[in-house]
Asks: 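Attaching a single structure in structure tokens format; questions to follow.
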Amino acid sequence: MLIKELLCDGALVSLFTRPRRFGKTLNMSMLKAFFEIGTNESLFEGLAISREHALCQAHLGQYPVIFISLKNVEGADFASARKRIWGVIRDEARRFSYLLEKDTTSDFDRDDLRSLIYGDGDLEDSLKLLSGILFRSCGHKAVILIDEYDVPLDKANQFGYYDEMIQLIRVLFGSSLKTNDYLAFAVLTGCLRVSKESIFTGMNNFSVNGITDVAYDDCFGFTDADVRAILQTYDLTACYDAVKEWYDGYRFGNQHIYCPWDVVSYVRTLDTKGNYDLKIPNREISSIFQDQILEWFRHTIADDASGLEILCDAFADGETAKIENYLNSCLSRSISVRDSQGKSKTENFFHGMLLGMLDSRGHVWRVESNREAGDGYPDIVVSSEPDGLGFVIEIKAADSRNALESSANMALRQIRGRNYMRCFEGKNIDHIHGYGIAFYKKAAGFCSYEVM
């Protein structure tokens, strides 16, 4: 019913801020599917919104929709990030290239659409320009959906060009959302609440909906009723107490909310016989192991500054013997075998351990965990454009000491097979390694290869 609430709210621009993995992008995809001209109306058959007959008659499939996501907009400098924003808008403009062949599209609009498709127009005015083209060709004002609006600003703050980026975003959003006669309404989502004064100054009819607001408080994430219904659907009502103990506790407005990613991941681990083990999804690593890993790291590794320098230099230079020696030395004197029992827990534990080691060089390296890359989510990605350096690490738990090498090779094949190295495309990186690392109790083994 988010759709109905948006239409009844009447705000020209609505901003939703929620944590990651609470369904922001899924909701935006739903809005696109509902409002866009030519939509598949059967997607909504049997759902609550389908019972709103007058609303569906007036709005279902009635609008041209511009949908962009800024989640991958990043760069070590402003020029690189600006180029990525252009790429996002260019790709969206290409979805409407069919308008070049329509009789209702004027020659002027064809020229403007071509400039957007080729990315050689005015970026600051691009979304407004595209919505005007759509209005004149389709006869309806456009709905603009901007997902992860805050990512370019967060990245700019990390890399030191925030002032330039905030100016670009302010003008881009002001043009498309504040002074746009071709806008029906707009919805933005993000994790961070960037102040209205810095981006949305002077924007009337603007609604901000955060985690403390009552409005829309049941529209992102699962309510308790949702969770009960899901468990009942899969005949798993006996698991309710376990799900509540692990994944309840978030509060949006007046609602107790469960993280949908965690609930779905948990349900997927249950077998069809009703026998289940409580397994910890990757997103739970920090909450489960944080105290244990930080305590160990603080007392054992953090004081070994010279050793960490050797380890990081070895990763940068592809010196696999040094990496293996250092890891095995740390394991032999630092971690109880009991800390790494169970394959998934082993991988999670050593993932956190290695992440902490590499983060010792976080002032010059960019160290990322479980980020999207290629066709999946590599365990650890490290990059440093000033050094032209990049490497990917995939971690596996071996079943025995003799299986260390084969498990490491399996990790390496995963890096290749899932094209994780694509994460370095478009960056000034020409020295790239892939590392497959396997652990068995207090032993580590690995192999590597050089891409460039």
Asks: Rounded to the nearest 0.5 Å, what's the gap from CG on Leu168 to CG on Leu153? Could you check?
Replies: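 Leu168 atom CG to Leu153 atom CG measures 9.0 Å (nearest 0.5 Å).
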
Asks: Any sub-3.5 Å donor-acceptor pair from His431's side-chain atoms to Ala316's backbone N or O?
Replies: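 Such a contact is found between His431 side chain and Ala316 backbone.
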
Asks: Hey, does Val65 have a side-chain heavy atom less than 4.5 Å from the side chain of Thr39?
Replies: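 Sidechains of Val65 and Thr39: no contact.
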
Asks: Is the side chain of Glu368 donor-acceptor paired with the backbone N or O of Val381 at a distance under 3.5 Å, no angle test?
Replies: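 Such a contact is absent between Glu368 side chain and Val381 backbone.
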
Asks: Taking the side chain as C-beta and beyond, is there a heavy-atom pair between Asp262 and Arg21 under 4.5 Å?
Replies: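 A side-chain contact is absent here, since even the closest heavy-atom pair is not under 4.5 Å.
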
Asks: Please walk me through it: do Met165 and Ile85 pass side-chain contact (heavy atoms from CB on, under 4.5 Å)?
Replies: CA-CA 11 Å; Met165 181 57 72; Ile85 295 177; 4.0 Å; yes

Asks: Counting N and O atoms only, with roles assigned by atom type, does the side chain of Asp359 sit under 3.5 Å from a partner on the main chain of Leu355, one being a donor and the other an acceptor?
Replies: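 Such a contact is absent between Asp359 side chain and Leu355 backbone.
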
Asks: Keeping Ser29 on the side-chain end and Thr25 on the backbone end, is there a donor-acceptor pair under 3.5 Å?
Replies: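 Looks like yes, one N/O pair under 3.5 Å.
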
Asks: Determine, for Arg361 against Asp313, whether the closest basic-nitrogen to carboxylate-oxygen distance falls under 4.0 angstrom.
Replies: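 Looking at Arg361 and Asp313, the cut-off is met.
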
Asks: Where the side chain of Lys427 meets the backbone of Gly75, is there a donor-acceptor pair that is under 3.5 Å apart?
Replies: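 The answer is no, because no donor-acceptor pair under 3.5 Å joins these two groups.
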
Asks: Taking all non-hydrogen atoms of both residues into account, name the closest pair between Lys24 and Cys191 and its distance.
Replies: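 Shortest heavy-atom contact: NZ-SG, 3.9 Å.
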
Asks: Check each of Tyr420, Phe424, Trp365 against Phe391 using the ring-ring contact (aromatic ring centres under 6.0 Å, His included) test, and report the only one that passes.
Replies: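 It is Trp365, the one option of Tyr420, Phe424, Trp365 that forms the ring-ring contact (aromatic ring centres under 6.0 Å, His included) with Phe391.
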
Asks: Should Ile211 and Pro19 count as side-chain neighbours, where that means a heavy-atom distance under 4.5 Å?
Replies: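 Yes, at least one pair of side-chain atoms sits under 4.5 Å.
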
Asks: Please examine the side chains of Glu324 and Thr320, heavy atoms only from C-beta on, and report whether any two atoms are closer than 4.5 Å.
Replies: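 Result no, sub-4.5 Å side-chain heavy-atom pair not found.
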
Asks: Are Phe35 and Phe185 near enough that their ring centres are under 6.0 Å apart?
Replies: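 Yes: the rings meet the under 6.0 Å criterion.
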
Asks: Might you point out which heavy atoms bring Lys32 and Leu145 nearest each other, and give the distance in Å?
Replies: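 Residues Lys32 and Leu145, closest heavy atoms: N-CD1, 3.7 Å.
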
Asks: Do you know the tightest heavy-atom contact between Ile257 and Asp248?
Replies: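 It is O-OD1, 4.0 Å.
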
Asks: Give the intermediate values and the outcome of ring-ring contact (aromatic ring centres under 6.0 Å, His included) for residues Tyr247 and Phe222.
Replies: CA-CA 10 Å; Tyr247 304 123; Phe222 291 157; over 10 Å; no

Asks: Quick one, Glu372 with Lys71, criterion salt bridge (charged side-chain N to carboxylate O under 4.0 Å, His left out). Give me CA distance, side-chain angles, the key distance, then yes/no.
Replies: CA-CA 10 Å; Glu372 185 175 2; Lys71 70 175 182 178; 3.3 Å; yes

Asks: Mark yes or no for whether Tyr216, through its side chain, and Glu5, through its backbone, hold a donor-acceptor pair below 3.5 Å.
Replies: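 At least one qualifying donor-acceptor pair exists.
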
Asks: Can you confirm whether Leu308 sits close enough to Tyr326 that some side-chain heavy atom of one is under 4.5 Å from a side-chain heavy atom of the other?
Replies: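 When only atoms from C-beta onward are counted, Tyr326 and Leu308 do touch, with a gap below 4.5 Å.
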
Asks: Does Ser383 offer a backbone N or O that forms a donor-acceptor pair with the side chain of Arg366 under 3.5 Å?
Replies: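 Flag not set: sc Arg366 to bb Ser383 has no pair under 3.5 Å.
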
Asks: Between atom OG1 of Thr189 and atom CG of Leu70, what is the distance when rounded to the nearest 0.5 Å?
Replies: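 Here the interatomic distance stands at 9.0 Å.
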
Asks: Does Glu148 use its side chain to pair, donor to acceptor, with the backbone of Ser69 at less than 3.5 Å?
Replies: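 It does not hold such a pair.
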
Asks: Taking the side chain as C-beta and beyond, is there a heavy-atom pair between Lys322 and Asp317 under 4.5 Å?
Replies: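 A side-chain contact under 4.5 Å is absent here.
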
Asks: How far does CD of Glu36 sit from CD1 of Ile66, to the nearest 0.5 angstrom?
Replies: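 Answer for the CD-CD1 pair, Glu36 versus Ile66, is 10.0 Å.
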
Asks: Below 30° counts as parallel, above 60° as perpendicular, anything between as tilted: where do the rings of Phe173 and Tyr149 land?
Replies: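 Tilted: the ring planes of Phe173 and Tyr149 meet at 30° to 60°.
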
Asks: Does Ser126 use its side chain to pair, donor to acceptor, with the backbone of Leu123 at less than 3.5 Å?
Replies: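 Pair found, side chain donor or acceptor close to backbone of Leu123.
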
Asks: Please determine if Asp91 and Arg94 form a salt bridge, counting it only when a charged side-chain N lies under 4.0 Å from a carboxylate O.
Replies: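 Yes, charged N to carboxylate O under 4.0 Å.
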
Asks: Might you point out which heavy atoms bring Gly436 and Ala408 nearest each other, and give the distance in Å?
Replies: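 It is O-CB, 3.5 Å.
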
Asks: In terms of heavy-atom contacts, does CD of Gln232 have more than 12 from other residues, nucleotides or ligands at under 6.0 Å?
Replies: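 At most 12 heavy atoms, drawn from other residues, nucleotides or ligands, come within 6.0 Å of this atom.
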
Asks: Are the side chains of Met28 and Val187 in contact, using a 4.5 Å heavy-atom criterion?
Replies: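 Yes, their side chains come closer than 4.5 Å.
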
Asks: With side-chain contact (heavy atoms from CB on, under 4.5 Å) as the criterion, how do Leu358 and Ile393 come out once you've worked through the C-alpha distance, each side chain's angles and the decisive distance to 0.1 Å?
Replies: CA-CA 11 Å; Leu358 295 171; Ile393 301 172; 3.6 Å; yes

Asks: Provide the closest heavy-atom pair for Asp375 versus Arg422 in the form atom of the first, atom of the second, distance.
Replies: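 What the structure gives for the nearest pair is OD1-NH1, 3.9 Å.
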
Asks: Could you grab the distance from atom CD1 of Ile437 to atom CD1 of Ile395, nearest 0.5 Å is fine?
Replies: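 The distance works out to 6.0 Å.
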
Asks: Have Asp218 and Thr223 got a donor and an acceptor in their side chains that come within less than 3.5 Å?
Replies: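 Distance-only check fails for Asp218 and Thr223.
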
Asks: For Phe220 and Phe252, I'd like to know if the aromatic rings sit close, meaning centre-to-centre distance below 6.0 Å.
Replies: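 They do not qualify: ring centres at least 6.0 Å apart.
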
Asks: Using side-chain heavy atoms (C-beta onward) and a distance below 4.5 Å, is Glu425 in contact with Asn419?
Replies: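 Not in contact.
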
Asks: With side-chain contact (heavy atoms from CB on, under 4.5 Å) as the test, pick out the partner of Tyr435 among Leu412, Ile323, Leu354.
Replies: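 Only one option passes, and that is Ile323.
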
Asks: Can you confirm whether Tyr240 is buried at OH, in the sense that more than 12 heavy atoms of other residues, nucleotides or ligands lie under 6.0 Å from that atom?
Replies: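 Yes.
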
Asks: Apply side-chain contact (heavy atoms from CB on, under 4.5 Å) to Cys56 and Phe34, showing your working.
Replies: CA-CA 9 Å; Cys56 289; Phe34 184 86; 4.1 Å; yes

Asks: Determine the minimum heavy-atom distance between Cys239 and Tyr266, stating which atoms define it.
Replies: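 What the structure gives for the nearest pair is CB-OH, 4.0 Å.
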
Asks: Before you tell me yes or no, could you show the steps for Met421 and Ile415 under side-chain contact (heavy atoms from CB on, under 4.5 Å), namely the whole-Å CA-CA distance, both residues' side-chain angles and the distance that decides it to 0.1 Å?
Replies: CA-CA 7 Å; Met421 295 306 182; Ile415 293 174; 3.9 Å; yes

Asks: Could you state the interatomic distance from OG (Ser50) to CG (Leu60), rounded to the nearest 0.5 Å?
Replies: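 Output value for this atom pair is 10.0 Å.
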
Asks: Does Asn205 use its side chain to pair, donor to acceptor, with the backbone of Gly10 at less than 3.5 Å?
Replies: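 Such a contact is found between Asn205 side chain and Gly10 backbone.
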
Asks: If I take atom CG from residue Asn27 and atom CG from residue Leu2, how far apart are they, to the nearest 0.5 angstrom?
Replies: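 So the CG of Asn27 and the CG of Leu2 are separated by 5.0 Å.
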
